[in-house]
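Input: a single structure, listed below in structure tokens.
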Amino acid sequence: KNDEEMRSKSILFYLFALICASNVEGLIYPKDIVSEGKRDESNLSNKEYETLWVDQTLDHFNWRNSEKTFRQRILVNKKEWDGTGPILFYTGNEGDITLFYDNTGFVTKTLSKSFKGLVVFAEHRYYGLSLPFGNQSFAPDNAVYLSSEQALADYAINIRELKKKYNAEKSPVIAFGGSYGGMLAAWFRLKYPHVVDGSIAASAPILQFYGTGVSETIFNKIITRDFAEAVPGCSIGVRAGFADIDSMSKTDSGLASLSKIFKTCTPLKNAQDASSLVNWISGGISYMAMGDYPYPTTFLGPLPGYPINASCLLWQKKIKQGGTNLEGLFQITNLFYNYSGQAGKCNDLSGNIPGLDASGWEYQTCTEMVMPIGSNGVTDMFPPQPWNESGWASYCLQKYKTKVRPNWVIDYYGGDLLPNGKINLVGSNIVFSNGVLDPWRGGGVQQSVSDSLVAVIIEGGAHHLDLREPNPADPQSVINARNIEVKYIQKWIKEAHQRRG
């Protein structure tokens, strides 16, 4: 049972799968909430934006709590703004907002110039430096204000006050987001259509929930297909490697051999350690599928272009040299965790991806973001592990004193499957983009719901590739997708001006 809970826990961290602040109680709205920050940000890589700090309401939905606030970070780039252009608003997700700013060049560089826009990246509460209770933010009694609903309310108020500050009352607002941020961008338009004029929801798995008809095994099935199509036999080799780990983990000598092959910093001593090894390998493979971009990147760590192809070629070379399935699997995993030598001489199986915050996201999966994901070892290359709802619920109750609400997202935002087989989404002015290589595509909107809830499929595209800065190595499919997005943004801006007068 413990192994099942660990496996479920590890998978849920893949969504996208960065931290210290003080508990500050400021003044409540209304007031000029935007002020220049004084915090040390000398480590930030990008200086083209200014950093603003906001006294944000802690609890938007409780009148008795309405005077408590925390400090929220917002990045603003006015370089291309002409004073009348649209507000290009990124709905921050589960990590440090600077990470997403640095990897969303289509918005910060291309669209800002094309539309003379004001670029705004708002940090999600409880992530990055926007921690309501500092390093105690995830204590059970303090984490209760972490939810998508509270975050969207933050963003709505951000826009209202930024419009006042910059005299941009007539400026249309276009929201953007990738992954969980893409889910937020879509939900922002659905819940606040009077605030947001349109949204680009990239790689947004808003259907990876109960009641939508999405299979819990689709995530791992897509990853397996990616590896199978990269190099013949690669996915079969991965499956064989996992089988060998299972058999070797049953003896002390086998555990010792696994420790040596995978160069673990701490020797594997029992079945739980072997399970940690499986989760570590699975995590690296999953992240590699998400970050399977056509050029070298550092978003999820340093990786070469098309890392799945590169890792499978290393696997193929090792097998042709007479290497074992496990040695081949190590070559695949090592490319993700140690491509630039960042892991050093041994592999720490407990490491997280820099910039992505497992603590905050884990809490969200223990409340409303219950996204069933499992493997069966038949349609995918991973060890069989069905989604364990009861095990996860038990873990969440013990750690956070929360009772998971697996149907809440669909009840609140929509997306369930109607009797006629259509998706139950009621709204307008949203483009849902999904890359064929991205494992989160399975939980995304892949068919247009209406003329204004539009699906765009990107052949050869990985996780929100369309939001990244245009690159000469981009496939034509992502160029086409961006052109479609620009067309809809132009339409939304025109309609917004007409509506506002």
Side-chain angles (χ1 to χ4, degrees), residues 16 45-46 48-49 75-81 85-93 95 97-122 172-186 188-189 196-204 290-300 305 355 429-438 440-441 444 454-493:
F16 316 115
S45 61
N46 199 312
E48 67 187 31
Y49 51 75
L75 311 181
V76 179
N77 181 350
K78 299 180 293 183
K79 181 180 178 181
E80 302 292 346
W81 193 47
I87 295 175
L88 307 178
F89 189 93
Y90 186 92
T91 51
N93 36 317
I97 194 61
T98 62
L99 174 72
F100 303 114
Y101 187 100
D102 290 342
N103 287 277
T104 313
F106 182 54
V107 176
T108 62
K109 299 181 185 299
T110 305
L111 296 183
S112 64
K113 187 173 183 179
S114 298
F115 291 103
K116 306 298 181 185
L118 178 67
V119 176
V120 178
F121 275 60
V173 178
I174 308 300
F176 301 84
S179 201
Y180 171 48
M183 298 162 71
L184 291 170
F188 201 12
R189 170 62 188 175
V196 183
D197 297 295
S199 293
I200 303 296
S203 300
M290 291 166 58
D292 200 19
Y293 302 122
Y295 46 80
T297 62
T298 59
F299 178 48
L300 297 174
N429 293 9
I430 304 174
V431 170
F432 296 95
S433 61
N434 284 283
V436 171
L437 300 179
D438 183 14
W440 289 107
R441 170 176 60 85
V454 180
V456 175
I457 302 299
I458 305 171
E459 292 290 339
H463 206 45
H464 49 73
L465 172 63
D466 49 324
L467 293 187
R468 297 183 61 82
E469 183 176 3
N471 187 288
D474 282 333
Q476 186 61 42
S477 58
V478 75
I479 296 173
N480 296 341
R482 292 184 182 125
N483 289 337
I484 293 172
E485 291 166 359
V486 167
K487 181 188 72 172
Y488 279 99
I489 292 171
Q490 290 171 332
K491 178 177 182 290
W492 299 336
I493 291 174

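Quick caveat: nothing in here was measured; it's all calculated off a predicted structure.
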*asked:* Using modelled atom types and a 3.5 Å cut-off, is there a donor and acceptor pairing between side-chain atoms of W81 and backbone atoms of G85?
replied: yes
*Would you check if the side chain of S112 reaches a backbone N or O of G117 as a donor-acceptor pair within less than 3.5 Å?*
no
*R189 and its side-chain contact (heavy atoms from CB on, under 4.5 Å) partner, picked from I174, I200, I430*: I430
*Which atoms form the tightest heavy-atom contact between G92 and I97, and what is the distance?*
CA-CD1, 3.8 Å
*Side chain T297, main chain G305, donor-acceptor under 3.5 Å*: no
*Kindly give the heavy-atom pair with the smallest separation between A122 and F89, and that separation in Å.*
CB-CZ, 3.6 Å
*Determine yes or no for a side-chain-to-main-chain donor-acceptor pair under 3.5 angstrom, with Y293 supplying the side chain and H463 the backbone.*
yes
*asked:* Quick one, F176 with L88, criterion side-chain contact (heavy atoms from CB on, under 4.5 Å). Give me CA distance, side-chain angles, the key distance, then yes/no.
replied: CA-CA 7 Å; F176 301 84; L88 307 178; 3.9 Å; yes
*Identify, with sequence neighbours excluded, every residue that meets ring-ring contact (aromatic ring centres under 6.0 Å, His included) alongside F188.*
Y192
*Grab the two heavy atoms, one from A462 and one from S203, that are nearest each other, plus how far apart they are.*
O-OG, 4.2 Å
*Test Y295 against D474 for side-chain contact (heavy atoms from CB on, under 4.5 Å), laying out the working first.*
CA-CA 8 Å; Y295 46 80; D474 282 333; 3.5 Å; yes
_Residues F106, H464; criterion side-chain contact (heavy atoms from CB on, under 4.5 Å); working and verdict_ = CA-CA 11 Å; F106 182 54; H464 49 73; over 6 Å; no
*N77 side chain to Y101 side chain, donor-acceptor N/O pair below 3.5 angstrom*: yes
*asked:* Tell me the closest heavy-atom pair linking T108 and E48, and the distance in Å.
replied: CB-OE2, 4.3 Å
*If you round to the nearest 0.5 Å, how far is CZ of F432 from OG of S199?*
8.5 Å
*asked:* A side-chain contact here means heavy atoms from C-beta on lying under 4.5 Å apart; do E485 and V456 qualify?
replied: no
_Taking V173's backbone N and O only, do any of them form a donor-acceptor pair with D197's side chain (distance below 3.5 Å, no angle check)?_
yes
*Calculate, to the nearest 0.5 Å, the distance between atoms CZ and OG belonging to R482 and S477 respectively.*
9.5 Å
_Distance, nearest 0.5 Å, that separates CG of N429 from CD1 of I489_ = 11.0 Å
*asked:* Distance check, rounded to the nearest 0.5 Å: L465 atom CG versus I458 atom CD1?
replied: 6.0 Å
*Nearest 0.5 Å please: distance from the CD1 atom of I484 over to the CD1 atom of I479.*
12.5 Å
*In Å and rounded to the nearest 0.5 Å, what is the CZ to CG distance from R468 to N103?*
4.5 Å
*I would like to know whether Y49 and V119 meet side-chain contact (heavy atoms from CB on, under 4.5 Å); could you show each step before the answer?*
CA-CA 9 Å; Y49 51 75; V119 176; over 6 Å; no
*Provide the closest heavy-atom pair for A202 versus S433 in the form atom of the first, atom of the second, distance.*
CA-OG, 3.2 Å
*Quick one: does F115's side chain get under 4.5 Å of E80's, heavy atoms only?*
no
_I need the minimum non-hydrogen distance between K109 and K113, along with the two atoms involved._
O-CB, 3.4 Å
